[in-house]
Amino acid sequence: MRETPGAPFVVGTTRGLPDAEAYDHFCDGIAEVYVGVRPTRPATGGFAADFSLTHVGALDLGVISTPGVSARRDRRSISRVADDALFVNHSAKPWGLAQAGRTWSVAAGSAAVLDNAVPFDVFADPRRRLDLVSLRIPRDVLPATARRALPALDDRLTATGYGVQLGAQVGLLAQAVRTGMPQVATAMTTTVIEMLDAVSRPDLAPTSPTRADAFRAYARTRLRDPSFGIGALARAFGCTTRTVQAAFAREGEAFSVWLRAERLDLARSELSRPAAASRSIAAIARETGFGDTGTFHRAYRARFGRSPGADR
């Protein structure tokens, strides 16, 4: 019997557990989704980790935060616990993947695909925590074109802007789950599958990602958080605020202006939804990242030339 749609069926943490128990508790907790995948056991100290697993339609979403340790699925694990699902992994921090004799460096904010039927290694920066969003896709759900494209699919995802676009979609899907919108999250799984199908086609023109693309992709997953700003973005990517400002400036934008416009567009979309008719404008302002209602009203009128109430 499946749990309430959109509600995590596993939520856990190892914080507060004895060091000797934390690692095994984490591995046991994620086993249903991350079948046969084992992170490296730290040589010393504990294993402070947080995790949640959620059914999203026919797919499963894993959100984990761990120390910066690598993880492995080897031949012994495959022979012991068979599983041929695929993972789309996304993180705001850079990570690495080795599979099928190839190695990829995955940029911050981008995404890559792992085949759980083939041995692989995931590499993380030991100096930073690894915050990872994984979408587990049953093999038969993926179109045949994408299945045939493995592992070359990761060549395209890591070398073009498509990886950033896919990562943004996975991040938004995770946000929809986190904010209690299971139907939206389920609809987004279709988009992810279609994107993988499209990227696997050889006639798709390549694009070149920019640093600002990665910043935008991550920021769109945090629009509803009023505490989110340039400082939080820089911390997520392990860079300075000046780096963020420079990346946007090279494209003729300012981060603060872009962020406010994105939040306003999100608010306008929310205001027009019939389901939002019973919510106050102040509540919608808060839910789209505005801590002050007066600021929201002024910014809304400046962008759209009308009051928020006129768009209800």
Side-chain angles (χ1 to χ4, degrees), residues 1-17 21-42 46-71 73 81 83 85-93 95 106 108-109 111-114 116 122 124 128-138 141 166-189 191-192 217-218 220-225 227-228 232 235-236 287:
M1 179 177 180
R2 289 176 78 85
E3 293 74 8
T4 303
F9 63 90
V10 172
V11 178
T13 183
T14 64
R15 299 177 191 274
L17 292 178
E21 299 177 13
Y23 173 83
D24 289 331
H25 179 81
F26 173 76
C27 293
D28 291 344
I30 67 170
E32 184 170 339
V33 169
Y34 294 90
V35 178
V37 182
R38 301 283 289 188
T40 303
R41 185 189 292 269
F47 194 83
D50 307 298
F51 53 93
S52 67
L53 309 176
T54 307
H55 298 306
V56 187
L59 281 53
D60 291 304
L61 178 74
V63 179
I64 63 174
S65 177
T66 73
V69 297
S70 299
R73 167 92 155 142
V81 187
D83 179 62
L86 303 168
F87 291 101
V88 178
N89 279 10
H90 159 67
S91 177
K93 299 171 184 176
W95 55 286
V106 186
V113 179
L114 289 71
N116 212 33
V122 170
R128 303 176 182 174
R129 289 188 64 80
L130 176 64
D131 300 311
L132 191 69
V133 176
S134 299
L135 194 61
R136 184 178 186 274
I137 305 174
V141 172
L166 180 61
Q169 187 67 28
V170 173
L172 289 170
L173 189 156
Q175 182 191 43
V177 169
R178 189 167 54 247
T179 55
M181 296 188 289
Q183 292 178 326
V184 173
T186 300
M188 286 180 173
T189 64
T191 303
V192 170
Y218 177 75
R220 287 190 178 105
T221 71
R222 300 283 303 277
L223 293 178
R224 295 179 183 274
D225 180 358
S227 68
F228 177 76
R235 286 191 296 273
E287 292 165 6

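For clarity, every value in this text was computed on a predicted model and none was experimentally measured.
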Q. Quick check: does any side chain N or O of T13 sit under 3.5 Å from a backbone N or O of A49, one acting as donor and the other as acceptor?
A. yes
**Q.** Between CD on residue Q169 and OG1 on residue T189, distance to nearest 0.5 Å
**A.** 9.5 Å
Q) Only one of L114, V81, N116 forms a side-chain contact (heavy atoms from CB on, under 4.5 Å) with V37, so which one is it? A) N116
Q) Can you tell me how far the CG atom of L59 sits from the CE atom of M188, to the nearest 0.5 Å? A) 13.5 Å
**Q.** Separation between CG of D225 and CD of E287, rounded to the nearest 0.5 Å
**A.** 13.0 Å
**Q.** OG-CH2 distance between S70 and W95, expressed to the nearest 0.5 angstrom
**A.** 11.5 Å
Q. For Q175 and R220, what are the C-alpha separation, side-chain angles and deciding distance, and is it a side chain to side chain contact (heavy atoms under 4.5 Å, CB included)?
A. CA-CA 9 Å; Q175 182 191 43; R220 287 190 178 105; over 6 Å; no
Q | Distance in Å, D131 CG paired with I64 CD1, rounded so as to fall on 0.5 Å steps | A | 9.0 Å
Q: Go through the steps to decide whether K93 and L130 satisfy the test side chain to side chain contact (heavy atoms under 4.5 Å, CB included), and finish with yes or no.
A: CA-CA 7 Å; K93 299 171 184 176; L130 176 64; 5.5 Å; no
Q.
Run the side chain to side chain contact (heavy atoms under 4.5 Å, CB included) test on R41 and D24 for me, step by step, so that the C-alpha distance in whole Å, both residues' side-chain angles and the decisive distance to 0.1 Å come before the verdict.
A. CA-CA 9 Å; R41 185 189 292 269; D24 289 331; 3.1 Å; yes
**Q.** Heavy-atom closest pair, residues A111 and V88
**A.** CB-CG1, 4.2 Å
Q: For residues 28-38, pull every pair meeting salt bridge (charged side-chain N to carboxylate O under 4.0 Å, His left out), keeping only residues two or more places apart or in separate chains.
A: none
**Q.** Closest heavy-atom pair and its distance - P8, T54
**A.** CA-OG1, 3.4 Å
Q | Exercise: identify the closest heavy-atom pair between G68 and A124 | A | C-CB, 4.0 Å
(Q) Parallel, tilted or perpendicular, judged at 30° and 60°: which one describes the rings of F47 and Y23? (A) perpendicular
Q. What pairs with T191 under side chain to side chain donor-acceptor pair (under 3.5 Å), at least two apart in sequence or on another chain?
A. none
**Q.** Sub-4.5 Å side-chain heavy-atom contact between L53 and D60
**A.** no
Q.
Please give me the minimum heavy-atom distance between G171 and T221, naming the atom from each residue.
A. C-CG2, 3.4 Å
Q. Between R136 and D83, is the closest basic N to carboxylate O distance under 4.0 Å?
A. yes
Q.
F51 and ring-ring contact (aromatic ring centres under 6.0 Å, His included): which single residue from Y34, F26, F9 fits?
A. F26
Q: Provide the closest heavy-atom pair for A217 versus A168 in the form atom of the first, atom of the second, distance.
A: CB-CB, 3.5 Å
Q: Write down the atom of S134, the atom of N89, and the distance for their closest heavy-atom approach.
A: OG-OD1, 2.7 Å
